[in-house]
2 protein chains.
Amino acid sequence: MNDACIRVDKTLIEQMKQNLPDEQTINRISAIFQALQSDTRLKILFLLSKKEMCVCELDCALDVTQSAISHSLRTLRQLDLVRVKKQGRFAIYYLADEHVKILIDLCNKHVTECSA
Amino acid sequence: MNDACIRVDKTLIEQMKQNLPDEQTINRISAIFQALQSDTRLKILFLLSKKEMCVCELDCALDVTQSAISHSLRTLRQLDLVRVKKQGRFAIYYLADEHVKILIDLCNKHVTECSA
DNA sequence: TTAATATATGAACAAATGTTCATATATTCA
DNA sequence: TGAATATATGAACATTTGTTCATATATTAA
(Lines give C-alpha, C1' and ligand atoms only; values in the text may rest on other atoms or scores of the structure.)
Protein backbone atom coordinates (compact mmCIF):
# COMPACT_ATOMS: atom_id res chain seq x y z
CA MET A 1 0.00 0.00 0.00
CA ASN A 2 1.47 3.26 -1.16
CA ASP A 3 0.50 6.18 1.01
CA ALA A 4 3.26 8.58 0.08
CA CYS A 5 1.95 9.92 -3.22
CA ILE A 6 0.99 13.57 -3.04
CA ARG A 7 -2.23 12.93 -4.93
CA VAL A 8 -3.52 10.58 -2.23
CA ASP A 9 -6.10 11.99 0.14
CA LYS A 10 -6.03 9.22 2.72
CA THR A 11 -9.33 10.15 4.29
CA LEU A 12 -11.11 10.18 0.95
CA ILE A 13 -9.54 6.92 -0.16
CA GLU A 14 -10.44 5.27 3.11
CA GLN A 15 -14.00 6.39 2.65
CA MET A 16 -14.13 5.07 -0.93
CA LYS A 17 -12.69 1.82 0.31
CA GLN A 18 -15.52 1.55 2.84
CA ASN A 19 -18.05 2.17 0.09
CA LEU A 20 -16.89 -0.76 -2.01
CA PRO A 21 -19.43 -3.59 -2.03
CA ASP A 22 -18.60 -6.12 0.68
CA GLU A 23 -16.42 -9.11 -0.13
CA GLN A 24 -19.37 -11.46 -0.42
CA THR A 25 -21.07 -9.29 -3.00
CA ILE A 26 -17.86 -8.81 -4.93
CA ASN A 27 -17.37 -12.56 -4.92
CA ARG A 28 -20.85 -13.24 -6.22
CA ILE A 29 -20.52 -10.66 -8.94
CA SER A 30 -17.16 -11.98 -10.05
CA ALA A 31 -18.61 -15.50 -10.03
CA ILE A 32 -21.29 -14.38 -12.45
CA PHE A 33 -18.82 -12.72 -14.76
CA GLN A 34 -16.65 -15.76 -14.43
CA ALA A 35 -19.52 -17.87 -15.72
CA LEU A 36 -20.13 -15.51 -18.62
CA GLN A 37 -16.52 -15.73 -19.64
CA SER A 38 -16.69 -19.12 -21.31
CA ASP A 39 -17.48 -19.32 -25.00
CA THR A 40 -19.60 -22.41 -24.50
CA ARG A 41 -21.64 -20.92 -21.67
CA LEU A 42 -22.10 -17.67 -23.57
CA LYS A 43 -23.41 -19.53 -26.58
CA ILE A 44 -25.78 -21.50 -24.37
CA LEU A 45 -27.15 -18.25 -22.97
CA PHE A 46 -27.50 -16.73 -26.43
CA LEU A 47 -29.44 -19.78 -27.55
CA LEU A 48 -31.65 -19.87 -24.47
CA SER A 49 -32.41 -16.20 -24.91
CA LYS A 50 -34.23 -17.19 -28.12
CA LYS A 51 -36.13 -20.16 -26.75
CA GLU A 52 -35.97 -22.73 -23.98
CA MET A 53 -34.14 -25.88 -24.99
CA CYS A 54 -33.40 -29.37 -23.76
CA VAL A 55 -29.85 -30.67 -23.47
CA CYS A 56 -30.26 -32.58 -26.73
CA GLU A 57 -31.01 -29.45 -28.64
CA LEU A 58 -28.04 -27.63 -27.13
CA ASP A 59 -25.92 -30.64 -27.87
CA CYS A 60 -27.03 -30.44 -31.47
CA ALA A 61 -26.35 -26.71 -31.73
CA LEU A 62 -22.89 -26.67 -30.14
CA ASP A 63 -19.63 -28.29 -31.08
CA VAL A 64 -18.69 -29.72 -27.71
CA THR A 65 -19.56 -32.99 -26.00
CA GLN A 66 -22.80 -33.52 -24.12
CA SER A 67 -20.75 -33.85 -20.97
CA ALA A 68 -19.24 -30.39 -21.44
CA ILE A 69 -22.71 -28.96 -21.94
CA SER A 70 -24.04 -30.59 -18.78
CA HIS A 71 -21.10 -29.23 -16.79
CA SER A 72 -21.67 -25.77 -18.23
CA LEU A 73 -25.35 -25.93 -17.40
CA ARG A 74 -24.60 -26.88 -13.85
CA THR A 75 -22.38 -23.83 -13.44
CA LEU A 76 -25.08 -21.58 -14.86
CA ARG A 77 -27.70 -23.23 -12.67
CA GLN A 78 -25.68 -22.78 -9.51
CA LEU A 79 -25.48 -19.05 -10.17
CA ASP A 80 -29.19 -18.93 -10.90
CA LEU A 81 -28.56 -17.70 -14.42
CA VAL A 82 -30.59 -20.55 -15.91
CA ARG A 83 -33.23 -22.86 -14.49
CA VAL A 84 -34.48 -26.35 -15.39
CA LYS A 85 -37.82 -27.97 -15.57
CA LYS A 86 -38.16 -31.70 -16.06
CA GLN A 87 -40.47 -32.95 -18.77
CA GLY A 88 -40.44 -36.72 -18.80
CA ARG A 89 -36.88 -37.68 -19.55
CA PHE A 90 -36.04 -34.27 -20.86
CA ALA A 91 -34.43 -31.44 -18.93
CA ILE A 92 -35.65 -28.16 -20.35
CA TYR A 93 -33.43 -25.19 -19.64
CA TYR A 94 -34.41 -21.52 -19.75
CA LEU A 95 -33.01 -18.18 -18.64
CA ALA A 96 -33.65 -17.41 -14.98
CA ASP A 97 -34.52 -13.78 -15.65
CA GLU A 98 -34.07 -10.84 -17.97
CA HIS A 99 -30.88 -9.60 -16.31
CA VAL A 100 -28.77 -12.14 -18.11
CA LYS A 101 -30.15 -11.18 -21.47
CA ILE A 102 -29.56 -7.51 -20.80
CA LEU A 103 -26.01 -8.20 -19.65
CA ILE A 104 -25.16 -10.05 -22.83
CA ASP A 105 -26.85 -7.52 -25.08
CA LEU A 106 -25.02 -4.67 -23.40
CA CYS A 107 -21.71 -6.38 -23.82
CA ASN A 108 -22.52 -7.22 -27.40
CA LYS A 109 -23.29 -3.58 -28.03
CA HIS A 110 -20.04 -2.47 -26.42
CA VAL A 111 -18.03 -4.82 -28.59
CA THR A 112 -19.87 -3.92 -31.76
CA GLU A 113 -19.59 -0.20 -31.19
CA CYS A 114 -15.89 -0.37 -30.39
CA SER A 115 -14.98 -2.36 -33.47
CA ALA A 116 -17.12 -0.26 -35.79
CA MET B 1 -23.51 -33.84 -31.58
CA ASN B 2 -26.75 -35.59 -30.76
CA ASP B 3 -29.26 -35.47 -33.59
CA ALA B 4 -31.45 -38.38 -32.56
CA CYS B 5 -33.59 -36.73 -29.90
CA ILE B 6 -37.21 -36.39 -30.92
CA ARG B 7 -37.36 -32.84 -29.64
CA VAL B 8 -34.67 -31.70 -32.08
CA ASP B 9 -35.85 -29.83 -35.15
CA LYS B 10 -32.62 -29.92 -37.11
CA THR B 11 -33.58 -27.13 -39.47
CA LEU B 12 -34.52 -24.82 -36.64
CA ILE B 13 -31.40 -25.63 -34.64
CA GLU B 14 -29.22 -25.07 -37.68
CA GLN B 15 -30.83 -21.71 -38.15
CA MET B 16 -30.32 -20.74 -34.51
CA LYS B 17 -26.72 -21.85 -34.81
CA GLN B 18 -26.28 -19.50 -37.77
CA ASN B 19 -27.74 -16.65 -35.75
CA LEU B 20 -25.21 -16.94 -32.97
CA PRO B 21 -22.77 -14.03 -32.95
CA ASP B 22 -19.66 -14.91 -34.95
CA GLU B 23 -16.67 -16.40 -33.18
CA GLN B 24 -14.79 -13.11 -33.07
CA THR B 25 -17.66 -11.35 -31.33
CA ILE B 26 -18.13 -14.22 -28.90
CA ASN B 27 -14.44 -14.10 -28.13
CA ARG B 28 -14.46 -10.39 -27.47
CA ILE B 29 -17.50 -10.63 -25.25
CA SER B 30 -16.05 -13.47 -23.27
CA ALA B 31 -12.79 -11.54 -22.94
CA ILE B 32 -14.70 -8.67 -21.36
CA PHE B 33 -16.52 -10.93 -18.94
CA GLN B 34 -13.23 -12.61 -18.25
CA ALA B 35 -11.78 -9.27 -17.23
CA LEU B 36 -14.75 -8.51 -15.00
CA GLN B 37 -14.33 -11.80 -13.24
CA SER B 38 -11.38 -10.79 -11.08
CA ASP B 39 -12.03 -9.32 -7.65
CA THR B 40 -9.19 -6.86 -8.03
CA ARG B 41 -10.30 -5.63 -11.43
CA LEU B 42 -13.90 -5.38 -10.28
CA LYS B 43 -12.86 -3.25 -7.33
CA ILE B 44 -10.78 -1.03 -9.60
CA LEU B 45 -13.81 -0.47 -11.80
CA PHE B 46 -16.04 0.26 -8.81
CA LEU B 47 -13.53 2.82 -7.60
CA LEU B 48 -13.09 4.42 -11.01
CA SER B 49 -16.84 4.67 -11.40
CA LYS B 50 -16.75 7.14 -8.51
CA LYS B 51 -13.81 9.21 -9.71
CA GLU B 52 -10.72 8.98 -11.88
CA MET B 53 -7.65 7.87 -9.98
CA CYS B 54 -3.91 7.47 -10.39
CA VAL B 55 -2.19 4.18 -9.68
CA CYS B 56 -1.03 5.48 -6.30
CA GLU B 57 -4.56 6.04 -5.18
CA LEU B 58 -5.66 2.61 -6.33
CA ASP B 59 -2.62 1.17 -4.64
CA CYS B 60 -3.70 2.85 -1.44
CA ALA B 61 -7.29 1.66 -1.71
CA LEU B 62 -6.60 -1.99 -2.54
CA ASP B 63 -4.84 -4.74 -0.67
CA VAL B 64 -2.65 -6.05 -3.45
CA THR B 65 0.77 -5.00 -4.69
CA GLN B 66 1.30 -2.10 -7.07
CA SER B 67 2.52 -4.62 -9.62
CA ALA B 68 -0.75 -6.53 -9.48
CA ILE B 69 -2.66 -3.30 -9.98
CA SER B 70 -0.60 -2.33 -13.01
CA HIS B 71 -1.15 -5.75 -14.53
CA SER B 72 -4.88 -5.48 -13.90
CA LEU B 73 -5.00 -2.03 -15.43
CA ARG B 74 -3.26 -3.25 -18.53
CA THR B 75 -5.88 -5.96 -18.99
CA LEU B 76 -8.68 -3.42 -18.59
CA ARG B 77 -6.93 -1.02 -20.95
CA GLN B 78 -6.48 -3.63 -23.64
CA LEU B 79 -10.22 -4.29 -23.63
CA ASP B 80 -10.93 -0.58 -23.71
CA LEU B 81 -12.78 -0.73 -20.42
CA VAL B 82 -10.55 1.95 -18.92
CA ARG B 83 -8.32 4.63 -20.42
CA VAL B 84 -5.26 6.52 -19.19
CA LYS B 85 -4.13 10.07 -19.44
CA LYS B 86 -0.64 11.07 -18.37
CA GLN B 87 -0.27 14.01 -16.02
CA GLY B 88 3.39 14.56 -15.32
CA ARG B 89 4.63 11.41 -13.70
CA PHE B 90 1.12 10.29 -12.86
CA ALA B 91 -1.05 7.93 -14.88
CA ILE B 92 -4.67 8.85 -14.34
CA TYR B 93 -7.14 6.11 -15.09
CA TYR B 94 -10.82 6.52 -15.85
CA LEU B 95 -13.69 4.42 -17.21
CA ALA B 96 -13.77 4.25 -20.99
CA ASP B 97 -17.54 4.66 -21.19
CA GLU B 98 -20.82 4.19 -19.38
CA HIS B 99 -21.29 0.60 -20.53
CA VAL B 100 -18.94 -0.71 -17.91
CA LYS B 101 -20.72 1.09 -15.13
CA ILE B 102 -24.08 -0.19 -16.29
CA LEU B 103 -22.74 -3.72 -16.52
CA ILE B 104 -21.49 -3.68 -12.97
CA ASP B 105 -24.61 -2.04 -11.60
CA LEU B 106 -26.81 -4.57 -13.34
CA CYS B 107 -24.84 -7.44 -11.95
CA ASN B 108 -24.85 -5.86 -8.52
CA LYS B 109 -28.62 -5.57 -8.72
CA HIS B 110 -28.98 -9.19 -9.80
CA VAL B 111 -26.91 -10.42 -6.87
CA THR B 112 -28.64 -8.19 -4.37
CA GLU B 113 -32.11 -9.16 -5.54
CA CYS B 114 -31.35 -12.86 -5.49
CA SER B 115 -29.93 -12.86 -1.98
CA ALA B 116 -32.73 -10.69 -0.58
C1' DT C 1 -38.00 -57.12 -17.61
C1' DT C 2 -34.57 -55.28 -20.96
C1' DA C 3 -32.93 -51.95 -24.28
C1' DA C 4 -32.67 -47.37 -25.62
C1' DT C 5 -32.58 -42.66 -24.72
C1' DA C 6 -31.52 -38.39 -21.97
C1' DT C 7 -28.88 -36.29 -18.64
C1' DA C 8 -25.49 -35.89 -14.81
C1' DT C 9 -21.18 -36.54 -12.53
C1' DG C 10 -16.24 -37.77 -11.10
C1' DA C 11 -11.49 -38.12 -12.39
C1' DA C 12 -7.77 -36.43 -14.94
C1' DC C 13 -5.17 -33.43 -17.58
C1' DA C 14 -3.73 -29.52 -20.39
C1' DA C 15 -4.21 -24.70 -20.64
C1' DA C 16 -4.93 -20.27 -18.78
C1' DT C 17 -4.92 -17.08 -14.90
C1' DG C 18 -3.50 -13.81 -10.93
C1' DT C 19 -0.21 -12.75 -7.98
C1' DT C 20 4.40 -11.67 -6.25
C1' DC C 21 9.23 -10.65 -6.81
C1' DA C 22 12.67 -8.36 -9.08
C1' DT C 23 13.70 -4.97 -12.03
C1' DA C 24 13.18 -1.50 -15.80
C1' DT C 25 11.58 2.95 -17.42
C1' DA C 26 10.01 7.62 -17.01
C1' DT C 27 9.38 11.95 -14.73
C1' DT C 28 10.32 15.43 -11.32
C1' DC C 29 12.91 17.83 -7.86
C1' DA C 30 17.06 19.28 -5.49
C1' DT D 1 23.63 15.77 -12.57
C1' DG D 2 21.68 12.25 -9.06
C1' DA D 3 18.03 10.78 -5.94
C1' DA D 4 13.31 10.01 -5.32
C1' DT D 5 8.92 8.98 -6.95
C1' DA D 6 5.44 6.77 -10.11
C1' DT D 7 4.39 3.23 -13.10
C1' DA D 8 5.19 -0.82 -16.14
C1' DT D 9 6.82 -5.31 -17.31
C1' DG D 10 8.90 -10.16 -17.44
C1' DA D 11 9.55 -14.45 -15.19
C1' DA D 12 7.91 -17.87 -12.21
C1' DC D 13 4.70 -20.20 -9.56
C1' DA D 14 0.55 -22.04 -7.52
C1' DT D 15 -4.22 -22.19 -8.48
C1' DT D 16 -8.16 -22.49 -11.18
C1' DT D 17 -10.53 -23.71 -15.26
C1' DG D 18 -12.81 -26.31 -19.27
C1' DT D 19 -12.85 -30.19 -21.60
C1' DT D 20 -12.98 -35.16 -22.53
C1' DC D 21 -13.50 -39.90 -21.17
C1' DA D 22 -15.79 -43.19 -18.70
C1' DT D 23 -19.57 -44.20 -16.24
C1' DA D 24 -23.80 -43.60 -13.39
C1' DT D 25 -28.65 -42.47 -12.98
C1' DA D 26 -33.29 -41.78 -14.60
C1' DT D 27 -37.08 -42.26 -17.69
C1' DT D 28 -39.57 -44.38 -21.39
C1' DA D 29 -40.77 -47.92 -24.75
C1' DA D 30 -40.95 -52.60 -26.24
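In what follows, chains are A, B, ... by sequence order, proteins preceding strands, each numbered from 1.
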Trainee: Do R28(B) and E23(B) meet the salt-bridge criterion of a basic N to acidic O distance under 4.0 Å?
Mentor: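 Looking at E23(B) and R28(B), the cut-off is not met.
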Trainee: For L79(A) and dT17(D), give me the distance from atom CG to atom P, rounded to whole Å.
Mentor: 11 Å
Trainee: Using a cut-off of less than 4.0 Å, is there contact between a side-chain N or O of Y93(B) and OP1 or OP2 of dA8(D)?
Mentor: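 For dA8(D), OP1/OP2 do have a side-chain N/O of Y93(B) under 4.0 Å.
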Trainee: Which value, rounded to the nearest 0.5 Å, describes the distance between E57(A) atom CD and D9(B) atom CG?
Mentor: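 Going from CD on E57(A) over to CG on D9(B), the span is 8.5 Å.
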Trainee: Roughly how many Å is it from CD1 in I44(B) to P in dT7(D), rounded to a whole number?
Mentor: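 Rounded to the whole Å, the gap is 13 Å.
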Trainee: So if I define the base as every atom that isn't primed, P, OP1 or OP2, how would nucleotides 25-30 of chain D read as a B/S/- string at a heavy-atom cutoff under 4.0 Å?
Mentor: --SSS-
Trainee: In whole angstrom, what separates K85(B)'s NZ from dA6(D)'s P?
Mentor: 18 Å
Trainee: When rounded to the nearest 0.5 angstrom, what distance separates CG in L48(B) from CG in L73(B)?
Mentor: 7.5 Å
Trainee: Just so I know, are the side chains of Y93(B) and L45(B) near enough to count as touching, which here means a heavy-atom distance under 4.5 Å?
Mentor: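 They are not in side-chain contact.
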Trainee: Between I92(A) (CD1) and dT7(C) (C1'), how many Å, whole number?
Mentor: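 Whole-Å distance recorded here is 12 Å.
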Trainee: For the side chain of R41(B) and the backbone of A35(B), is there at least one donor-acceptor N/O pair under 3.5 Å apart?
Mentor: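 It does hold such a pair.
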Trainee: Let's see if you get this right: which residues in residues 46-55 of chain B place a heavy atom under 4.0 Å from DNA chain C?
Mentor: none
Trainee: Separation of I6(B) atom CD1 from dA6(C) atom P, in whole Å?
Mentor: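 To the nearest whole Å, that distance equals 7 Å.
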Trainee: Please report the shortest heavy-atom distance between S72(A) and T40(A), naming the atom on each side.
Mentor: OG-CG2, 3.7 Å
Trainee: Does K43(A) pair with D63(A) as a salt bridge, N-O distance under 4.0 Å?
Mentor: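 D63(A) and K43(A): not salt-bridged.
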Trainee: I'd like to know if the side chain of D22(B) pairs up with that of T25(B) as donor and acceptor (distance under 3.5 Å, no hydrogens or angles considered).
Mentor: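 Distance-only check passes for D22(B) and T25(B).
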Trainee: For D59(A) and dT5(C), what is the distance between atoms CG and P respectively, to the nearest whole Å?
Mentor: 14 Å
Trainee: How does protein reach along nucleotides 15-24 of chain C, written 5' to 3' as B (base within reach of a heavy atom under 4.0 Å), S (only sugar-phosphate), or - (no contact)?
Mentor: --SSSBBB--
Trainee: Is the phosphate of dT9(D) approached by R77(B) (side-chain N or O, under 4.0 Å from OP1 or OP2)?
Mentor: yes
Trainee: Should the pair R83(A)-D80(A) be classified as a salt bridge under the 4.0 Å nitrogen-to-oxygen rule?
Mentor: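 Here R83(A) pairs with D80(A) in a salt bridge, since their nearest N and O are under 4.0 Å apart.
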Trainee: Nearest 0.5 Å, what's the CD-NZ distance between E52(A) and K85(A)?
Mentor: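 Between atom CD of E52(A) and atom NZ of K85(A) there are 3.5 Å.
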Trainee: Compare every heavy atom of V55(B) with every heavy atom of I69(B), then report the nearest pair and how far apart it is.
Mentor: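 Looks like CG2-CG1, 4.2 Å.
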Trainee: Would you say a side-chain N or O of R7(B) is under 4.0 Å from OP1 or OP2 of dT5(C)?
Mentor: no
Trainee: Quickly work out the N27(B) CG to dG18(D) P distance and round it to whole Å.
Mentor: 15 Å
